[in-house]
Amino acid sequence: MRFKNTIIGMWPAIVALCCTTLSAAETAHPWSDSRLDADQRAGLALAAMTQDEKLKLVFGYLGSDMESKKYTRPPESHNQSAGFVYGVPRLGIPHLWQTDAGLGVASQAGPNARSGTALPSGLATAATWDLDGAYAGGAMIGAEARARGFNVMLAGGVNLMREPRNGRNFEYAGEDPLLAGQMVGAQIRGIQSNHVVSTLKHFALNDQESGRTTLNVKIDEAASRMSDLLALQIANEQGRPGAVMCSYNRLNGVHACENAYLLTEVLKQDWGFKGWVMSDWGATHSTIPAANAGLDQQSGMPFDLADYFGAPLKEAVLNGWVPQGRLDDMARRVLYAMFEHGLVDHQTAAPADFKANAAVSLRDAQDGMVLLKNDGNLLPLSRAVKRVAVIGGHADRGVLAGGGSSLVYPEGGNAVPGLEPKTWPGPVMVYPSAPLKAIQQRLPQAQVRFADGADTAAAAKLARNSDVVLVFATQWTGEAFDMPDLALPRQQDALIAAVAAANPRTVVVLETGGPVTMPWLAQVPAVLEAWYPGSSGGEAIASVLFGEVNPSGHLPATFPASVAQLPRPVLDGYPQVEERRFEVDYHEGAAVGYKWFDLKGLKPLFPFGHGLSYTRFDLSGLRASVDGGALSASFTVRNSGKLRGKEVAQIYVAPLGAAWEAPKRLAGFKKVDLAPGASATATVTIDPRLLAMYDPASKHWKVSGGDYRLTLAADAGAEPAASVVVRLQEASYDVNGKPLPR
Ligand code: BGC
């Protein structure tokens with residue numbers, strides 16, 4: 001615990017702000033009066049700022065030296081961090097120290113990379129379907145960020161999984177706008193409970209990495225409002241992030257960071273967002289168009305071609321090409337979020353409790369693991385087993401993490417250094433939490449032997465001479481690249497098939513960034529999807545395999561049977577050619593993931609929402625009620641098995657008359673924890689946007705009058721456990737889903 005007792009002392013000399021009587025600081029700095037609201041305080045501080053101070057607040061630097069660009073970071077920044085923005089110390093406005101990302105306090109690569117606690121991947125957290133757990137994870141990483149002297153966390157990734165080959169899916173929260181938006185919103189709230197601003201990103205439709213800076217996304221407005229933008233909108237409502245990060249791609253011809261439709265119309269006007277928009281690192285392309293379109297802060301100098309929001313912005317304002325009022329608005333938005341989220345009032349750091357943080361990560365990993373298959377109840381493993389083979393996946397050393405800017409460096413370093421690629425978006429990181437060790441600890445009397453899987457024949461021989469086999473298969477994904485297909489890489493499919501042929505009592509444990517295909521599925525009785533399980537991952541996997549923890553994760557994304565089932569069997573822009581501009585046509589519109597599969601009548605490998613347990617649940621008693629126009633559904637979940645467990649009850653809604661983008665949508669969910677024999681009744685209120693079609697002309701969500709079928713199901717593919725038809729009146733809701741007078 002290198003940092004256990006370290007209070008990071010990198011904050012500038014600042015005035016202590018608080019107290020009951022007016023201090024000298026309050027008299028001199030009226031904005032330090034915390035009884036005023038954030039708007040008032042931002043207005044007062046802005047009025048005291050010089051033009052140059054405003055300009056500084058809207059211009060960000062990389063917090064890491066870059067030899068290739070002959071760039072030296074500002075001395076006040078924290079080394080090897082994502083970003084830094086000058087505050088106004090003379091006015092008590094702190095600098096902004098920015099760290100990636102959604103899985104913990106990340107680090108740029110290098111000899112002094114800072115270590116931290118890594119949550120499991122965002123997709124793993126989404127697979128928990130547990131809003132409290134997502135909040136707890138956010139609160140934990142936000143506390144670590146603050147302990148390390150950061151006050152902005154570049155978290156809140158909620159790009160929808162339109163493309164299961166997207167290398168960054170592991171950072172996000174899956175394919176459904178309701179689930180993804182709520183989970184990421186809860187995480188943002190947790191982060192910000194530490195007086196740390198979180199971003200929401202990447203705004204918007206940055207759904208693949210191939211050609212991410214050059215591609216142009218084509219999609220019609222209604223479809224985007226009902227899919228990607230809806231996920232962002234829900235996350236914004238739930239999380240109230242202080243900042244939003246605009247993305248690299250173009251949308252309908254215009255770069256996201258100078259896209260007035262996205263930044264000003266949708267985000268600021270329609271959704272009423274009051275914080276600031278920062279660009280992704282290298283996503284600013286102009287001064288005047290970007291500033292006037294609604295970008296508030298250029299990030300990550302020297303990634304852009306020019307310091308657009310440096311001297312050129314000063315000149316543009318001087319000439320009136322960017323109105324002074326716009327620059328004031330840009331700076332005011334930054335200040336607003338700083339006051340609103342306590343960055344000005346709370347400028348000290350408390351030390352992190354790394355032991356407690358490891359427990360948060362462990363729990364998240366356990367709750368997000370998805371038991372995909374368990375024929376003959378091979379799992380949980382018996383402790384009476386005598387000979388166990390553990391094969392592949394570096395399971396003797398640790399668990400895999402995803403690559404790119406979100407990478408958290410673990411205490412203890414990389415368990416398998418030297419894997420390719422070693423440089424960006426690498427290094428390939430294996431967290432030193434070895435499943436093998438955790439398995440051996442649980443079987444002190446047994447013979448637990450390991451084969452690395454490089455030699456298929458040797459692995460099969462070991463399997464043959466064992467009572468049970470645990471094969472670990474990994475798929476490294478990361479930022480700035482996509483997967484060529486959905487197959488496990490490095491001949492692991494052949495390894496699994498050979499091992500399963502040698503011993504039918506084979507369990508496959510997957511550590512993948514997202515969905516993969518499983519040509520060997522019929523040959524193996526049990527499969528556990530462990531995702532990237534974070535810094536306590538080995539322990540989490542063993543606890544689920546041995547039944548100390550009953551698996552309760554459910555898929556936040558469809559696992560396709562093949563790429564042929566996808567809206568784009570061939571991934572546009574892959575393989576990547578630098579600087580090539582091209583278009584991606586999201587012709588599937590809002591029919592993303594299971595909606596596409598339903599629409600086309602396709603049978604996936606595993607449906608959205610799927611996840612098994614070591615106990616059994618009965619779902620029953622579905623009732624719908626409409627109260628003042630608001631639809632809610634109540635139902636009962638009973639644990640009819642012999643073990644304690646958690647079930648995710650899912651409510652889907654399907655119109656019987658109206659035409660939607662797809663046959664049904666997830667309309668609500670609830671995770672319940674039940675002792676054997678116990679039951680619980682729950683009610684979910686359904687967001688009217690999930691019953692409506694978006695109408696761009698009026699900016700209204702319109703519910704057609706008629707019959708709708710609500711179903712209660714264990715996943716999107718299964719026969720529903722119960723269903724009920726409810727009649728809804730025609731109704732309209734405003735752009736944020738608030739009822740309009742009839
Ligand atoms: C990523 C962002 C990240 C930023 C700063 C970019 O490459 O797309 O998600 O926050 O870098 O590191």
Side-chain angles (χ1 to χ4, degrees), residues 59-66 68-69 71 73 77-85 96-110 113-114 116 121-122 141 145 148 150-159 166-173 184 187-188 191 196-215 232 235 241-250 255-257 276-285 295 297-304 402-409 423-426 477-482 513 576:
F59 186 77
Y61 300 81
L62 177 69
S64 199
D65 297 336
M66 252 184 118
S68 60
K69 301 217 172 196
Y71 167 79
R73 69 185 174 92
S77 65
H78 296 340
N79 197 9
Q80 284 168 323
S81 67
F84 175 79
V85 178
L96 294 174
W97 287 275
Q98 302 168 321
T99 179
D100 282 305
L103 312 179
V105 181
S107 181
Q108 304 283 318
R114 77 178 58 68
S121 63
I141 62 174
R148 294 304 183 80
F150 293 101
N151 54 7
V152 178
M153 215 169 186
L154 309 175
V158 69
N159 293 89
N166 178 0
R168 289 187 94 171
N169 281 333
F170 77 94
E171 291 186 56
Y172 306 144
V184 172
Q187 190 200 36
I188 291 171
I191 291 171
V196 168
V197 157
S198 173
T199 50
L200 174 67
K201 71 185 190 185
H202 304 87
F203 194 76
L205 286 127
N206 181 181
D207 296 344
Q208 70 174 59
E209 291 294 287
S210 306
R212 66 178 176 171
T213 57
T214 54
L215 70 78
L232 286 152
V244 165
M245 186 189 291
C246 52
S247 55
Y248 286 123
N249 55 293
R250 288 174 292 147
H255 272 290
C257 290
W276 86 94
V277 178
M278 67 172 77
S279 59
D280 200 343
W281 275 227
T284 308
H285 299 280
L295 178 65
Q297 189 180 65
Q298 179 183 4
S299 308
M301 131 96 171
F303 279 96
D304 291 312
S405 58
S406 68
L407 179 64
V408 178
Y409 284 70
T423 54
W424 172 262
T477 67
E479 182 174 343
F481 69 102
D482 295 320
Q576 184 154 328

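Note that the coordinates shown come from a computational prediction; the quantities given were computed from them, not determined experimentally. Values below: every heavy atom of this structure, side chains too, minus hydrogens, waters and symmetry copies. Counting convention: from 1, in listed order, for ligands and their atoms alike.
Counted by atom type alone, Q80 and S107 present zero donor-acceptor pairs between their side chains at under 3.5 Å.
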Show me the short polar-atom pairs for ligand 1: any N or O of it lying under 3.5 Å from a protein N or O, with distances only.
from, atom 1, to, atom 2, distance (Å)
ligand 1, 7 (O), Y248, OH, 3.0
ligand 1, 7 (O), E479, OE2, 2.6
ligand 1, 8 (O), R168, NH1, 2.7
ligand 1, 8 (O), D280, OD1, 3.3
ligand 1, 8 (O), D280, OD2, 2.6
ligand 1, 8 (O), E479, OE2, 3.3
ligand 1, 9 (O), R168, NH2, 2.8
ligand 1, 9 (O), K201, NZ, 2.8
ligand 1, 9 (O), H202, NE2, 2.7
ligand 1, 10 (O), D100, OD1, 2.6
ligand 1, 10 (O), K201, NZ, 3.2
ligand 1, 12 (O), D100, OD2, 2.5

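Here the closest heavy-atom approach between residue Q108 and residue A113 is recorded as O-CB, 3.8 Å. Between G102 and I141, the closest heavy-atom pair is O-CD1, 3.4 Å. Heavy atoms only, all atoms of each residue included: A256 and C246 are closest at O-CB, 4.0 Å.
Distance check, rounded to the nearest 0.5 Å: CZ of R168 to CG of D482 gives 11.0 Å.
Residues F150 and H78 place their aromatic rings such that the two centres sit under 6.0 Å apart.
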